[in-house]
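Reminder, nothing fancy here: chain letters follow the sequence lines and each chain counts from 1. Hydrogens, waters and symmetry mates are skipped; everything else that's a heavy atom, side chains included, is used.
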Amino acid sequence: MSLLLFLAQTLRIAIPYLFAAAGGALAERAGVVSLTLEGFMLGGAFGAVLGSHYTGSAWIGLVTGVAWGLMLALIHAVCSIRYKADQIVVGVAINLFTVGITRFFLQLAFESSSNSPRVAGFGGDAGSSAAAFLTNPLVWMGIVVMPALWWVVQKTTFGLRVRAVGEHPQAAASVGVPVNRVRYVAVLGSGALAALGGVYLALDQHQFTDSMTAGRGFIALAAVIFGRWDPLRAGLACLLFAAAETLQIQLQAAQLIPSQFVAMIPYVLTIVAVAGVVGRSTPPAALGRTTD
Amino acid sequence: MNARLRVVLEEAVLPPLVALAVAFVAGDLLILIYGQAPGAVWRALLEGTWGNAYGFGQVLYKATTLTCTGLAVAMSLRAGLFNIGAEGQLAAGGFGAAVAGLALPAGTPWVIAVPLCTLAACVAGGAVGAVPGVLRARFGAHEVIVTIMSNFIVLALLNYIVSAKLHVPETLHTPEMHAGQVARLSGVIAGFHGSAANWTLLIVAAACALAWWYLFRTRAGYELRAVGLQPDAAEYAGVRVGRTWRNALTLSGALAGLGGINFVLGYKGYYEDGFAGGAGFLGIAVALVGRNHPLGVLLAALFFATLSQGGLAINAMVPKQIVEVLQGIVIIAVATSVPEVRRVLRNAAGKLAGGRA
């Protein structure tokens with residue numbers, strides 16, 4: 001297999017991780033725990049298929065997918081920021097809620113418990129030519145999302161505020177930063193970004209299937225943590241995890257390593273990273289805490 | 001207002017009631033969207049669960065597992081830690097019990113086999129729980145991250161073992177155990193016929209009582225709660241915080257693992273890939289709604305079991321997934337209303353006190 005094909009396949013797998021990890025990095029840098037990425041992605045995927053199905057336009061699907069992500073993120077933000085609910089609990093609940101609500105509306109809209117009909121999407125079908133892959137606008141957005149996020153977080157006033165409310169909200173508040181408003185924007189942004197990961201999945205496969213995100217939101221979260229909450233490092237972690245998966249798919253016939261062990265790689269690396277055996281991964285200081 | 005009464009109200013009574021009300025309204029809306037009559041659907045849900053012996057047996061069966069995972073999460077939260085790994089620990093416990101039952105010679109009397117298999121379930125779950133405990137105590141690794149990741153690792157490992165090493169051909173389950181099976185309740189109460197309710201629920205009820213005794217009547221439990229409330233103060237008072245964290249997460253894992261016997265010993269007689277089916281994650285909801293108290297956990301487990309069995313009862317009218325939505329809403333509503341109810345009541349109490357002065 002050529003190196004180029006390997007890279008293309010890696011990128012194809014990495015795109016949803018890159019979007020979701022960008023969302024996770026943004027919210028967590030602002031101090032809000034992101035166990036919700038999985039739910040945001042799933043909601044985005046379903047929203048995209050609804051929009052694309054009823055209008056026949058993949059672009060409108062993109063918009064409705066992001067709208068679903070924003071809707072779910074708003075629930076997360078209101079509960080966690082306005083009402084100071086436990087962010088971990090709300091995160092777990094939103095994931096559960098999203099699985100249920102997408103299944104409910106899948107039944108209502110398409111009378112199916114497993115998948116939607118085929119809808120208009122971006123690019124060709126899975127496994128089609130590289131040219132079709134490169135015409136998918138979401139691929140290009142996915143490639144630039146992490147560098148762009150890095151620039152926002154490190155080089156803009158908004159990014160400075162995000163970092164401030166994530167590290168020391170009291171200090172930020174004392175110099176006039178509207179802590180809660182910055183966190184709202186960060187969480188909504190994370191909803192939109194993670195939803196794009198789901199939109200990509202659904203529009204690449206031209207349909208929604210039940211629970212189609214299959215734990216990708218948690219791999220993205222692992223990438224954020226493994227990347228020490230830095231967008232560029234998190235982006236590299238996404239590529240690393242995707243490369244491992246690609247290798248696994250290519251080597252499937254050879255049966256060198258059981259697929260389950262390759263699937264464990266992101267999670268094991270993340271545990272090693274937070275345990276600090278090599279270069280400790282430390283979260284933003286105020287992660288998970290709300291203040292008055 | 002009486003201070004103790006206020007605490008009970010704001011911590012244990014009002015939030016679940018608020019959540020129930022919110023869930024009812026949301027449920028009504030979803031049912032109406034689907035073009036059905038809410039009253040009829042709710043009635044069918046109750047009749048299909050508490051209204052007949054089979055349905056009630058299923059509720060008891062589901063509540064047995066949920067009690068274990070709920071206790072597991074509650075135990076960790078009492079120590080100020082959040083165990084999100086109950087899903088993997090539950091699966092590990094079931095696997096441990098099934099392997100123990102396979103290793104025993106056929107014809108082992110149940111008085112030996114059942115305790116051994118139960119112990120194996122607790123040890124397997126406890127081992128999975130000990131990892132985040134040790135990493136937290138030794139390296140300060142955040143237990144939430146480690147337990148999330150451990151779920152995926154444990155489930156992938158078990159999937160590998162069951163699909164590649166230890167299984168009945170063409171299936172994803174282990175061979176049937178030689179000993180250790182527990183009888184169904186239907187052997188004694190004929191009405192339960194067909195339901196999976198079984199005598200392991202007595203073991204789980206005993207574990208629930210033991211958990212209460214440990215938390216509220218022993219020195220170790222007192223230390224655990226002290227660490228949960230204020231680790232620095234507990235350390236200053238001479239409690240070894242790291243050891244308490246390790247013990248709490250190990251115990252938490254063991255409780256989640258115990259839940260595996262309900263499926264393995266009481267229902268199927270073997271370990272099956274994916275049997276946990278979200279019961280570990282639902283344990284978070286059970287602990288939250290049960291306010292981290294063993295009695296509350298028991299009641300909350302019955303509530304969530306009723307919802308999940310109720311979904312099947314109403315599936316002819318509305319998609320059964322409506323109960324997953326409601327479960328999510330209940331969790332969000334309780335998590336949100338706990339701090340809010342506390343704030344509102346404190347404000348009201350403050351105004352009353354101010355008025356008198």
Side-chain angles (χ1 to χ4, degrees), chain A residues 33 35 39 75-76 78-80 82-108 111 113 210 215 218-219 221-222 225 258-264 266-277 280-283 287-288 290, chain B residues 30 33-35 77 82 84 131-132 134-136 138-161 163-164 278 281-282 284-285 287-288 311 318-340 343:
Chain A
V33 179
L35 294 192
I75 300 175
H76 185 34
V78 169
C79 294
S80 304
R82 162 73 179 79
Y83 289 103
K84 306 182 195 329
D86 188 301
Q87 295 164 12
I88 297 164
V89 173
V90 174
V92 171
I94 284 182
N95 291 339
L96 191 68
F97 172 82
T98 312
V99 170
I101 203 85
T102 52
R103 283 178 179 167
F104 181 83
F105 282 109
L106 190 63
Q107 194 81 45
L108 189 66
E111 284 171 11
S113 57
D210 179 31
F218 289 101
I219 294 186
L221 180 66
I225 298 163
S259 64
Q260 293 92 342
F261 288 93
V262 178
M264 284 180 210
Y267 312 118
V268 173
L269 284 180
T270 303
I271 289 181
V272 171
V274 287
V277 181
R280 179 73 141 280
S281 183
T282 327
L287 186 61
T290 38
Chain B
L30 289 174
I33 290 176
Y34 213 77
L77 284 174
F82 209 145
I84 311 197
V131 173
V134 168
L135 292 180
R136 172 77 202 230
R138 184 68 68 78
F139 302 108
H142 203 295
E143 83 284 351
V144 169
I145 296 168
V146 178
T147 50
I148 291 173
M149 303 301 155
S150 78
N151 277 334
F152 293 103
I153 296 171
V154 169
L155 294 176
L157 192 63
L158 290 175
N159 178 270
Y160 168 71
I161 296 173
S163 63
F281 291 113
L282 219 44
I284 297 168
L288 179 78
V318 289
K320 63 176 185 289
Q321 287 80 19
I322 194 171
V323 302
E324 292 169 10
V325 179
L326 294 183
Q327 284 167 345
I329 289 174
V330 168
I331 305 170
I332 294 172
V334 172
T336 307
S337 57
V338 167
E340 190 63 8
R343 197 180 60 81

* Counting only heavy atoms closer than 4.5 Å, note whether Tyr160(B) contacts chain A via side chain, backbone, both or neither. => both

* Structure fact -> When rounded to the nearest 0.5 Å, the distance separating OH of Tyr83(A) from OG of Ser337(B) is 10.5 Å

* Approximate separation, where rounding is to 0.5 Å, of Cys79(A) SG and Ile331(B) CD1 -> 12.0 Å

* Residue pair Gly328(B) / Ala93(A): nearest heavy atoms and the distance that separates them -> O-CB, 3.7 Å

* Asked: Among Ile33(B), Ile322(B), Ile84(B), Ile153(B), which has the most heavy-atom pairs under 4.5 Å with chain A?
  -> Ile153(B)

* Atom group of Ile75(A) that falls short of 4.5 Å from chain B, counting heavy atoms -> side chain

* Carefully, step by step, assess Val89(A) and Val334(B) under the rule side-chain contact (heavy atoms from CB on, under 4.5 Å). => CA-CA 10 Å; Val89(A) 173; Val334(B) 172; over 6 Å; no

* Asked: Do the side chains of Phe82(B) and Asp86(A) get nearer than 4.5 Å, heavy atoms only?
  -> yes

* Asked: Rounded to the nearest 0.5 Å, how far does CD1 of Ile88(A) lie from CD1 of Ile284(B)?
  -> 9.0 Å

* Asked: For the residue pair Ser163(B) and Gln260(A), what are the closest heavy atoms and their distance?
  -> OG-NE2, 3.3 Å

* Asked: Relative to chain A, which segment of Val144(B) carries a heavy atom at a distance below 4.5 Å: side chain, backbone, both, or neither?
  -> side chain

* Walk me through it: do Leu96(A) and Phe281(B) pass the test side-chain contact (heavy atoms from CB on, under 4.5 Å)? => CA-CA 9 Å; Leu96(A) 191 68; Phe281(B) 291 113; 5.9 Å; no

* Gln321(B) versus Phe104(A), closest heavy-atom pair with distance -> CB-N, 4.2 Å

* Asked: Given a strict heavy-atom distance threshold of 4.5 Å, which part of Leu135(B) is in contact with chain A: side chain, backbone, both, or neither?
  -> side chain

* Asked: Does a side-chain heavy-atom distance below 4.5 Å link Val99(A) with Glu324(B)?
  -> yes

* To do: For each of Thr336(B), Val318(B), Val338(B), tally heavy-atom pairs with chain A at distances under 4.5 Å, and name the one with the top tally.
  => Thr336(B)

* Point-to-point distance, once rounded to the nearest 0.5 Å, from CG of Leu108(A) to CG of Leu30(B) -> 9.5 Å

* Asked: What part of Ala263(A) gets closer than 4.5 Å to chain B, counting heavy atoms only: side chain, backbone, both or neither?
  -> neither

* Spatial distance of atom CD1 (Ile271(A)) from atom CE (Met149(B)) [nearest 0.5 Å] -> 7.5 Å

* To do: Output the option from Thr102(A), Val268(A), Leu221(A) having the highest count of non-hydrogen pairs under 4.5 Å with chain B.
  => Val268(A)

